[in-house]
There are 2 protein chains.
Amino acid sequence: MRTETGAFSAPLPADCSPALPLNEILIGDCLEQLARLPAASVDAVFADPPYNLQLESTLSRPDQSLVDAVNDDWDKFDSFSHYDSFSRSWLKAVRRVMKPEATLFVIGSYHNIFRVGSTLQDEGFWILNDIVWRKANPMPNFRGRRFTNAHETLIWAAKDSAAKNYRFNYELLKAGNEDCQLRSDWLFPICTGAERLKGSDGRKTHPTQKPEALLARILIAATNPGDVVLDPFFGSGTTGAAAKRLGRHFVGIERDKTYAAAARARIDAVETLPEAAIALTPSKRTEPRVAFSAIVEAGLIAPGDSLVDDKQRHRATVRADGAITLGPVVGSIHKIGALAQGLPACNGWTYWHFAQGGKLQPIDALRTVARGKLREAEA
Amino acid sequence: MRTETGAFSAPLPADCSPALPLNEILIGDCLEQLARLPAASVDAVFADPPYNLQLESTLSRPDQSLVDAVNDDWDKFDSFSHYDSFSRSWLKAVRRVMKPEATLFVIGSYHNIFRVGSTLQDEGFWILNDIVWRKANPMPNFRGRRFTNAHETLIWAAKDSAAKNYRFNYELLKAGNEDCQLRSDWLFPICTGAERLKGSDGRKTHPTQKPEALLARILIAATNPGDVVLDPFFGSGTTGAAAKRLGRHFVGIERDKTYAAAARARIDAVETLPEAAIALTPSKRTEPRVAFSAIVEAGLIAPGDSLVDDKQRHRATVRADGAITLGPVVGSIHKIGALAQGLPACNGWTYWHFAQGGKLQPIDALRTVARGKLREAEA
DNA sequence: CAGCACAGTGAATCGGCGA
DNA sequence: CTCGCCGATTCACTGTGCT
């Protein structure tokens with residue numbers, strides 16, 4: 001049932017049971033495999049259970065191309081109560097295997113995360129944080145019927161409320177984040193490009209491969225080099241890849257042999273970082289994009305105020321929602337600016353002006369102010 | 001039991017029951033007050049239910065000054081199941097009062113949101129999105145044992161899975177956001193400064209006052225001017241303040257007379273924005289349908305005229321009955337457009353063009369003209 | 001080779017109306 | 001109910017191929 005042990009350079013944990021199969025992918029049912037592991041043996045758990053997505057039919061993009069949706073059998077459940085009993089059973093089994101100071105990370109979307117969160121609270125886990133993975137490049141909502149589903153939620157929990165000595169590398173994270181304590185909202189791109197595993201046909205190997213950067217942050221936050229992280233839904237093996245790169249050990253459980261084989265090959269190709277490099281994660285910062293609605297919300301300009309072009313030929317009115325009106329027409333600062341000039345496009349930030357001390361100022365000046373405030377707030 | 005009706009300038013909803021007490025704060029138990037409201041009478045609900053906060057001992061900052069934690073009597077529940085039955089009862093009562101097309105927003109933190117989310121799914125609500133309120137200026141984690149709790153979670157849900165026609169002002173939100181559809185992560189500062197209600201002693205009036213900008217975005221997204229929003233945990237009245245400012249009506253329920261009085265005074269001081277700043281304009285989705293045959297009948301285009309795509313790869317002919325022909329095939333502008341491109345579907349209004357003064361114009365321009373004539377005729 | 005245009009794609013509970 | 005048709009709807013990024 002086991003694949004071969006990968007060559008590995010991380011130090012062996014001093015207190016680990018000899019029965020714990022380190023750096024292996026156990027192929028089979030998650031509950032059966034968990035039952036074979038020794039109690040209180042792992043330092044951390046990352047779990048990416050099926051989300052129970054329920055798309056009713058196919059979805060096409062505005063250009064009529066089809067979205068390749070998650071439609072696998074492993075993601076199908078008959079009801080909430082079936083899903084809940086599934087959650088209860090794997091959470092129980094995972095909890096037995098956790099050391100007292102170990103913590104659990106579970107990731108999910110609104111389809112399943114509220115059920116998982118309730119269930120793990122019922123099972124005695126103690127939630128430390130919920131963490132938001134903000135996707136830098138999510139798939140849009142093609143029908144314009146909802147907000148772009150731009151994040152997933154992680155729950156970070158200790159084994160119970162008495163576990164006060166859970167592992168958390170606070171100083172390390174702070175040092176890697178410009179000396180600022182890490183917030184509960186994390187920004188990462190989704191997994192694409194060279195990192196994304198693809199088969200010989202060029203199609204994605206696994207429908208929901210997680211970015212390695214996400215797992216790296218989790219492992220840096222909640223484990224030390226040489227620790228063991230368990231992943232009961234191993235999939236494409238991101239947990240294993242991040243663990244090996246960062247000098248941690250992993251135990252993976254995966255039902256699907258194809259996924260397990262792809263994960264094994266992927267992990268074997270990973271090289272552990274030199275010890276000195278393992279300490280810190282780079283944190284990317286990007287210039288915040290500021291919407292005109294944020295200017296209105298911040299009170300820098302009031303709904304009902306007038307905007308004019310520099311020669312005062314056109315006069316528009318600011319709306320509470322951050323759109324503007326010109327006569328009967330409502331639209332963005334850019335669209336309405338284009339309309340006023342009879343042009344196909346327009347930069348509303350430089351076209352529209354507001355009066356300040358008898359003088360006209362482009363609204364772009366307000367954006368500069370808002371960016372300053374934003375940086376202050378985030379620093 | 002009621003406070004006085006506030007002076008208010010929003011238009012009365014045409015179909016609202018006379019028993020719905022508009023723009024009032026009903027003082028008393030939330031379940032009792034909800035039971036008195038007529039069924040299917042409100043357009044939206046915002047709920048900020050008490051959090052089951054678990055601060056075990058007094059928390060102090062590094063400088064030993066005390067943190068004024070949420071520690072009032074209404075915030076103590078002895079167990080998860082007690083909290084769940086509380087959630088179930090208010091969610092049931094709220095659901096009865098919602099119109100079929102109404103939606104619900106609930107806000108919470110990791111202490112309670114997973115319980116509330118599960119319960120509302122069990123009660124038949126259909127989650128549309130979970131939304132993250134990212135706090136620009138959260139309170140840091142003083143002990144350095146967790147991530148900074150920098151967000152709260154909102155659940156947006158329709159009354160049931162069949163409610164497809166829930167209200168959502170997609171186009172407005174997009175226009176206010178740089179012509180880019182709004183994501184599920186929202187950035188707002190927490191409520192501080194002049195906006196934060198304070199008593200004569202200078203202490204904050206309510207422990208968890210929400211920023212008005214957050215409520216404003218919710219109301220802009222999910223209600224129209226003149227709509228009624230219900231808030232069963234009214235607190236400091238942010239929902240009422242935002243509703244009045246944006247020309248919506250509210251119904252508030254609050255148990256604590258001190259909070260209700262502070263909220264009433266606060267709302268009375270709010271002025272409704274000018275209509276141009278809040279009025280809805282018709283979106284493509286809500287405009288009356290115009291058949292292509294009506295365009296032909298109105299003489300805006302003549303039978304026998306040619307239609308081409310923007311690159312002039314295909315040429316169709318207009319028929320007197322409003323169908324078009326492409327070679328031997330006859331069909332609607334949409335069907336023939338799809339056929340020409342070999343796609344499963346096509347919007348013929350934007351695909352087909354006609355020549356005007358040497359330039360190509362989409363036939364959608366003719367539809368705009370026809371709709372204008374229609375409005376004139378009706379006026 | 002640089003630069004640009006265009007195609008492809010990602011955990012997604014993604015209509016309304018009349019017959 | 002279902003069926004059929006109208007007609008509305010996308011952001012950030014990667015990879016490829018042409019000029």
Side-chain angles (χ1 to χ4, degrees), chain A residues 48-72 74-77 80 107-113 133 135-153 189-196 198 202-204 206-211 233 235 286 289, chain B residues 101 121 125-130 156-158 160-166 168 170-171 174 177-184 283-293 322 331-335 337-338 344-352 363-364 367:
Chain A
D48 184 8
Y51 285 13
N52 192 21
L53 297 183
Q54 296 157 40
L55 187 65
E56 292 196 354
S57 59
T58 57
L59 178 67
S60 55
R61 299 188 176 82
D63 67 2
Q64 307 301 329
S65 65
L66 274 185
V67 172
D68 181 16
V70 175
N71 195 22
D72 304 77
W74 50 254
D75 199 42
K76 295 198 193 318
F77 294 85
F80 284 136
I107 188 166
S109 67
Y110 67 84
H111 311 85
N112 71 326
I113 198 67
W133 167 30
K135 301 182 183 184
N137 47 351
M139 178 153 65
N141 184 290
F142 295 117
R143 292 292 154 90
R145 297 293 298 155
R146 304 181 178 198
F147 299 99
T148 307
N149 217 328
H151 74 276
E152 293 187 21
T153 302
I190 60 174
C191 181
T192 58
E195 189 187 330
R196 187 86 196 214
K198 296 191 184 79
R203 291 169 54 105
K204 55 193 178 194
H206 192 278
T208 68
Q209 185 180 341
K210 296 290 174 290
F233 307 99
T286 52
R289 181 171 177 160
Chain B
E101 68 273 20
Q121 285 181 314
F125 284 96
W126 192 246
I127 299 182
L128 299 169
N129 277 117
D130 60 337
W156 182 38
D160 55 63
S161 66
K164 301 284 190 189
N165 61 334
Y166 55 86
F168 182 49
Y170 174 79
E171 295 83 5
K174 187 173 168 177
N177 189 48
E178 298 282 282
D179 286 322
C180 183
Q181 64 177 214
L182 220 53
R183 298 168 41 116
S184 57
S283 69
K284 276 197 172 180
R285 266 188 256 262
T286 57
E287 288 263 69
R289 293 202 169 196
V290 176
F292 187 63
S293 61
S332 70
I333 50 172
H334 312 295
K335 276 277 162 62
C346 163
N347 183 343
W349 292 109
T350 52
Y351 180 73
W352 294 111
I363 56 176
D364 205 21
R367 188 166 58 156

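Values reported hereafter were calculated over all heavy atoms of this structure, with side chains retained and with hydrogens, waters and symmetry mates removed. Here is how names work: the chains are called A, B, and so on, in the same order as the sequence lines, proteins then strands, and each is numbered from 1.
Smallest separation of non-hydrogen atoms from A:His111 and B:Gln121: O-NE2, 3.8 Å.
Using a 4.0 Å heavy-atom criterion, one finds that A:Asn52 contacts no nucleic acid atom at all. B:Ile333 comes within 4.0 angstrom of no nucleic acid atom, judged by non-hydrogen atoms across all strands. B:Ser283 comes within 4.0 angstrom of no nucleic acid atom, judged by non-hydrogen atoms across all strands. Contacts of A:Ala194 with the nucleic acid, taken as non-hydrogen atoms under 4.0 Å apart, involve only primed sugar atoms and P, OP1 or OP2. Within the 4.0 angstrom heavy-atom criterion, only backbone atoms of the sugar-phosphate kind lie near B:Ser332; the bases stay farther away. Residue-level contact check: A:Arg143 touches the bases, meaning some heavy atom is under 4.0 Å from a base atom. The residue A:Pro211 sits apart from the nucleic acid: no heavy atom pair falls under 4.0 Å. Here A:Asn149 lies in heavy-atom contact (under 4.0 Å) with sugar-phosphate atoms only. Using a 4.0 Å heavy-atom cutoff across all strands shown, B:Glu287 reaches no nucleic acid atom at all. The residue A:Arg203 sits apart from the nucleic acid: no heavy atom pair falls under 4.0 Å.
Where A:Lys135 and B:Lys164 each meet DNA chain C at their nearest nucleotide, the meeting point lying more 5' is that of A:Lys135. Taking for each of A:His111 and A:Asp68 the nucleotide of DNA chain C with the nearest heavy atom, the 5'-most of the two is the partner of A:Asp68. Of the two residues near DNA chain D, A:Lys198 and A:Gln64, the one whose nearest nucleotide lies more 5' is A:Gln64.
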A correct dot-bracket answer for DNA chain D, with pairs being Watson-Crick or G-U at under 3.5 Å, [ ] for crossing pairs and | for inter-strand pairs, is .|||||....|||||||||
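Here the side chains of A:Thr148 and B:Cys180 are not in contact, with every heavy-atom distance at 4.5 Å or above.
A donor N or O paired with an acceptor N or O is not found under 3.5 Å between the base of D:dT9 and the side-chain atoms of B:Glu171. Applying the 3.5 Å distance criterion, the base of C:dA11 shares a donor-acceptor pair with the side chain of A:Lys210.
In the model, B:His334 has no side-chain atom that pairs as donor or acceptor with a side-chain atom of B:Ser332 under 3.5 Å.
Taking only side-chain nitrogens and oxygens, B:His334 never comes nearer than 4.0 Å to OP1 or OP2 of D:dC6. At the phosphate of C:dA11, OP1 or OP2 sits under 4.0 Å from a side-chain N or O atom of A:Arg196. Considering only side-chain N and O atoms, B:Lys335 lies under 4.0 angstrom from the phosphate OP1 or OP2 of D:dC5. Using a 4.0 Å cut-off, some side-chain N or O of A:Lys204 falls inside it from OP1 or OP2 of C:dG10. For the OP1/OP2 pair of C:dA11 and a distance below 4.0 Å, the side-chain nitrogens and oxygens of A:Ser109 include no atom meeting the criterion. Between B:Arg285 and the phosphate of D:dA8, there is no side-chain N or O to OP1/OP2 separation shorter than 4.0 Å.
Distance check on atom P: D:dC6 versus C:dC14 gives 23 Å, rounded to whole Å. Spacing between D:dA8 and C:dA11 at atom C1', rounded to whole Å, works out to 25 Å.
Salt-bridge formation is not detected for the pair B:Glu171/B:Lys284: no Lys NZ or Arg NE/NH1/NH2 atom is positioned less than 4.0 Å from an Asp or Glu carboxylate oxygen.
You'll find the ring centres of B:Trp156 and B:Tyr166 inside the 6.0 Å limit. The aromatic ring centres of A:Phe233 and A:Trp74 sit 6.0 Å or more apart.
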Give me the distances for all protein-to-nucleotides 11-13 of chain D N/O pairs that come in under 3.5 Å?
unit_1	atom_1	unit_2	atom_2	d
D:dC11	OP1	B:Gln181	N	2.7
D:dC11	O2	A:Pro138	O	3.3
D:dA12	OP1	A:Arg289	NH1	3.1

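For the pair A:Asn141 CG and D:dA8 P, the computed distance is 17 Å after rounding to whole Å.
Relative to the side chain of A:Arg145, the nucleotides C:dA11, D:dT9, C:dC14 differ in distance, and C:dC14 lies closest.
A donor-acceptor pair under 3.5 Å links the side-chain atoms of A:Lys210 to the main chain of A:Thr208, judged by distance alone.
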